[in-house]
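A quick write-up on the structure given underneath.
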Amino acid sequence: MARFNAFKRTNIILQHLEPLPRVATSCPSSQNSCYKFLKLLFHLRKSMHKHMDGAGDVLLERKGCAGVITLNRPKFLNALTLNMIRQIYPQLKKWEQDPETFLIIIKGTGGKAFCAGGDVRVISEAGKAKEKMAQDFFREEYMLNNAIDSCQKPYVALIHGITMGGGVGVSVHGQFRVATEKSLFAMPETAIGLFPDVGGGYFLPRLQGKLGYFLALTGFRLKGRDVYRAGIATHFVDSEKLDMLEDDLLALKSPSTANIEAVLETYHTQSKIDQGKSFILEEHMDKINSCFSANTVEQIIENLQQDGSSFALEQLKVINKMSPTSLKITLRQLMEGSSKNLQEVLTMEYRLSQACLEGHDFHEGVRAVLIDKDQSPKWKPAALEEVTDEDVNNHFKSLGNNDLKF
């Protein structure tokens, strides 16, 4: 904070200097050194602005009885950066110890997204350049996911809008997750040569039946009240009442967990949007449970082919576009994660993340989906049968001293 205030003071001084480079252009040559100095200050001010913009990517405020985390990159759908994670983690720990902070709220700005994930384009670039930042991002992100899970204060995530990948990681492990009719949940990582991380190996296999396996392998999108019906959100609230809900939570005096839950329950009960509709996947759950209960991706594909329904064939079409390597490591991740605790899962996922950074498909997936946007990734290996058991096993190998430790 002290460093930020110093930037602010310098910025105010430089504001008064900003017009001077324009005036200095008319200086005689004998005054060139003065001009150069002022030009340097001008560029310094611009870089200060850039730094302070980064500092504003996440807002951390004490309001009423709560600590409030606001993800503030609306132009980038509030995608998480390493800088944001490094600001949130220590503040979360401070609030956890603060006797005057009774709950923690996390939300996103802009109305379109809570958080669309981690900034994977930047991570891919850092990974290709062998920069330490790529390792640090996954390590520190997973440490934050664990801190949210073990947080001693009630944690309320307002998952309004797009909630994917890293956004799931900073919400689903908290005690309360509030969806709205504009919520959109997905774990689409197999489409970019990755896997559903941030503890996906823990929470996905614990959803009803084989729903989590289906969501992980296909990247299927759940919307609105279905995010609640699937068991990802704990409550559902009309989006127009979200600000009122937050105000009511902040106004609580020394609330207990039960007091917080009572407020959430009141708003949940009052919400009538899509109340009469059934879960979008309800009619397909028997198919999902039978087809996705296999121990290999090849067998899942065979099950879908044998089922032959339009739903099964549609999922087949989707799965066939995904990275074969991602599909295989994801299935094993979920199978192993179903009997591990969250810390064990995150340790496993950190190993997977580092293997993906070293491999081909993650960088190719980011190129095809986010950079060139041609939606035509060239996976290597290109077919499931070419992904050997050894390939898969190598993703799960211990990193020794570099393993994630809590």
Considering non-hydrogen atoms only, spot the tightest contact between Asn145 and Gly169 and give its length.
ND2-O, 3.1 Å
Within-4.5 Å side-chain heavy-atom neighbours: Trp95 and Arg62:
yes
Any chance you could lay out the ring-ring contact (aromatic ring centres under 6.0 Å, His included) test for Phe311 and His284, step after step, and finish with the verdict?
CA-CA 8 Å; Phe311 174 79; His284 306 297; 3.9 Å; yes
Going by atom types only, do Asn72 and Thr70 share a side-chain donor-acceptor pair under 3.5 Å?
no
Using side-chain heavy atoms (C-beta onward) and a distance below 4.5 Å, is Cys356 in contact with Asp361?
no
Ala233 and Ala179 have their tightest heavy-atom pair at CB-CB, 3.7 Å
Cationic tip of Arg221 above Phe185 ring, under 6.0 Å, 45° of axis:
no
Side chains of Ile69 and Gln91: closer than 4.5 Å at any heavy-atom pair?
no
In this structure, CD of Glu336 is separated from CG of Leu331 (nearest 0.5 Å) by 10.5 Å
Give the intermediate values and the outcome of side chain to side chain contact (heavy atoms under 4.5 Å, CB included) for residues Met244 and Tyr267.
CA-CA 9 Å; Met244 288 166 58; Tyr267 278 84; 3.5 Å; yes
To the nearest 0.5 Å, how far apart are NE2 in His235 and CG in Leu245?
9.5 Å
Side-chain donor/acceptor of Arg177 to backbone N/O of Ile232, under 3.5 Å
yes
Could you state the interatomic distance from CZ (Phe406) to CG (Leu346), rounded to the nearest 0.5 Å?
4.5 Å
Does Lys340, at its NZ atom, have more than 12 non-hydrogen atoms belonging to other residues, nucleotides or ligands within less than 6.0 Å?
yes
Regarding Asp98 and Lys153, does a basic nitrogen lie under 4.0 Å from an acidic carboxylate oxygen?
no
Taking the side chain from Glu181 and the backbone from Ile273, do they hold a donor-acceptor pair closer than 3.5 Å?
no
Would you call Glu358 and Lys128 a salt bridge, using N to O less than 4.0 angstrom?
no
Regarding Asp238 and Lys272, does a basic nitrogen lie under 4.0 Å from an acidic carboxylate oxygen?
no
Is it the case that the side chain of Ser398 and the backbone of Gly400 share a donor-acceptor pair, with hydrogens and angles ignored and the cut-off at 3.5 Å?
yes
Does any part of the side chain of Met187, heavy atoms only, come nearer than 4.5 Å to the side chain of Leu215, both counted from C-beta?
no
Flag side-chain contact, heavy atom, 4.5 Å: Phe114 against Leu158
no
Relative to each other, are the rings of Phe214 and Phe220 parallel, tilted or perpendicular (30° and 60° limits)?
tilted
Should we say atom OH of Tyr228 is surrounded by more than 12 heavy atoms from elsewhere, each under 6.0 Å from it?
no
With rounding to the nearest 0.5 angstrom, report the CG to CG distance, Leu281 to Asp286.
12.0 Å
Do the two ring centres, one from Phe195 and one from His395, sit under 6.0 Å apart?
no
Do the side chain of Asn78 and the main chain of Ala113 share a donor and acceptor less than 3.5 angstrom apart?
yes
Lys/Arg N to Asp/Glu carboxylate O, Asp226 vs Lys223, below 4.0 Å
no
Is a donor on one side and an acceptor on the other found under 3.5 Å between the side chain of Lys132 and the backbone of Ala126?
no
Evaluate Cys151 against Leu92 for side chain to side chain contact (heavy atoms under 4.5 Å, CB included), listing each step before the verdict.
CA-CA 8 Å; Cys151 185; Leu92 181 71; 4.3 Å; yes
Test item: Arg206 side-chain N/O and Tyr202 main-chain N/O as donor-acceptor pair under 3.5 Å:
yes
For side-chain hydrogen bond (donor to acceptor under 3.5 Å, both in side chains), just list the numbers for Ser309 and Asp307, CA-CA rounded to whole Å, side-chain angles, deciding distance to a tenth of an Å, and then say yes or no.
CA-CA 6 Å; Ser309 65; Asp307 181 277; 2.5 Å; yes
Judged by modelled atom types alone, do Ser124 and His363 share a side-chain donor-acceptor pair under 3.5 Å?
yes
Side-chain donor/acceptor of Lys328 to backbone N/O of Val387, under 3.5 Å:
yes
Sidechain N-carboxylate O distance under 4.0 Å for Glu364, Arg367
yes
Ser271 side chain vs His268 backbone, donor-acceptor pair below 3.5 Å
no
Would you call Thr347 and Arg351 a side-chain contact if the rule is heavy atoms closer than 4.5 Å?
yes
Side chains of Gln354 and Gln135: any donor to acceptor distance under 3.5 Å?
no
Might you work through the side chain to side chain contact (heavy atoms under 4.5 Å, CB included) test for Arg225 and Lys277, ending with a clear yes or no?
CA-CA 9 Å; Arg225 198 179 279 268; Lys277 285 187 180 178; over 6 Å; no
First locate atom OH of Tyr350, then atom CG of Leu399, and finally report the distance between them rounded to the nearest 0.5 Å.
7.0 Å
Quick test of your reading of the model: are Asp136 and Arg139 salt-bridged, counting only N-O distances below 4.0 Å?
no
Please tell me whether Asp197 and Tyr142 have a donor and an acceptor in their side chains that are separated by less than 3.5 angstrom.
yes
Looking at side-chain heavy atoms only, is the closest gap between Leu304 and Ile319 below 4.5 Å?
yes
Would you check if there is a donor-acceptor pair between the side chains of Gln299 and Asn295 at a distance under 3.5 Å?
no
Taking atom CD of Glu390 as the centre, report whether more than 12 heavy atoms of other residues, nucleotides or ligands fall under 6.0 Å from it.
no
Taking the side chain from Asp372 and the backbone from Ala368, do they hold a donor-acceptor pair closer than 3.5 Å?
no
From the options Leu194, Thr330, Val198, select the one residue that forms a side chain to side chain contact (heavy atoms under 4.5 Å, CB included) with Glu189.
Leu194
I'd like to know if the side chain of Asn289 reaches the main chain of Met285, judged simply by a donor and an acceptor atom lying under 3.5 Å from each other, with no hydrogens or angles considered.
yes
Is there a side-chain contact between Cys65 and Ser254 (heavy atoms, below 4.5 Å)?
no
Quick one, His160 with Ser239, criterion side-chain hydrogen bond (donor to acceptor under 3.5 Å, both in side chains). Give me CA distance, side-chain angles, the key distance, then yes/no.
CA-CA 7 Å; His160 172 63; Ser239 62; 5.0 Å; no
Determine the minimum heavy-atom distance between Cys115 and Leu71, stating which atoms define it.
CB-CD1, 3.7 Å
If you count every heavy atom of other residues, nucleotides or ligands that lies below 6.0 Å from Asp389 atom CG, does the total exceed 12?
no
Check Cys291 against Asn303 and note the closest heavy-atom contact, atom names and distance.
O-ND2, 3.1 Å
For the residue pair Ile106 and Val170, what are the closest heavy atoms and their distance?
CG2-O, 3.9 Å
Given Val227, which of Val178, Leu184, Thr163, Ile159 fulfils the side chain to side chain contact (heavy atoms under 4.5 Å, CB included) condition?
Ile159
What's the verdict on side chain to side chain contact (heavy atoms under 4.5 Å, CB included) for Leu249 and Leu264, showing C-alpha distance, side-chain angles and the deciding distance?
CA-CA 8 Å; Leu249 288 171; Leu264 294 171; 4.3 Å; yes
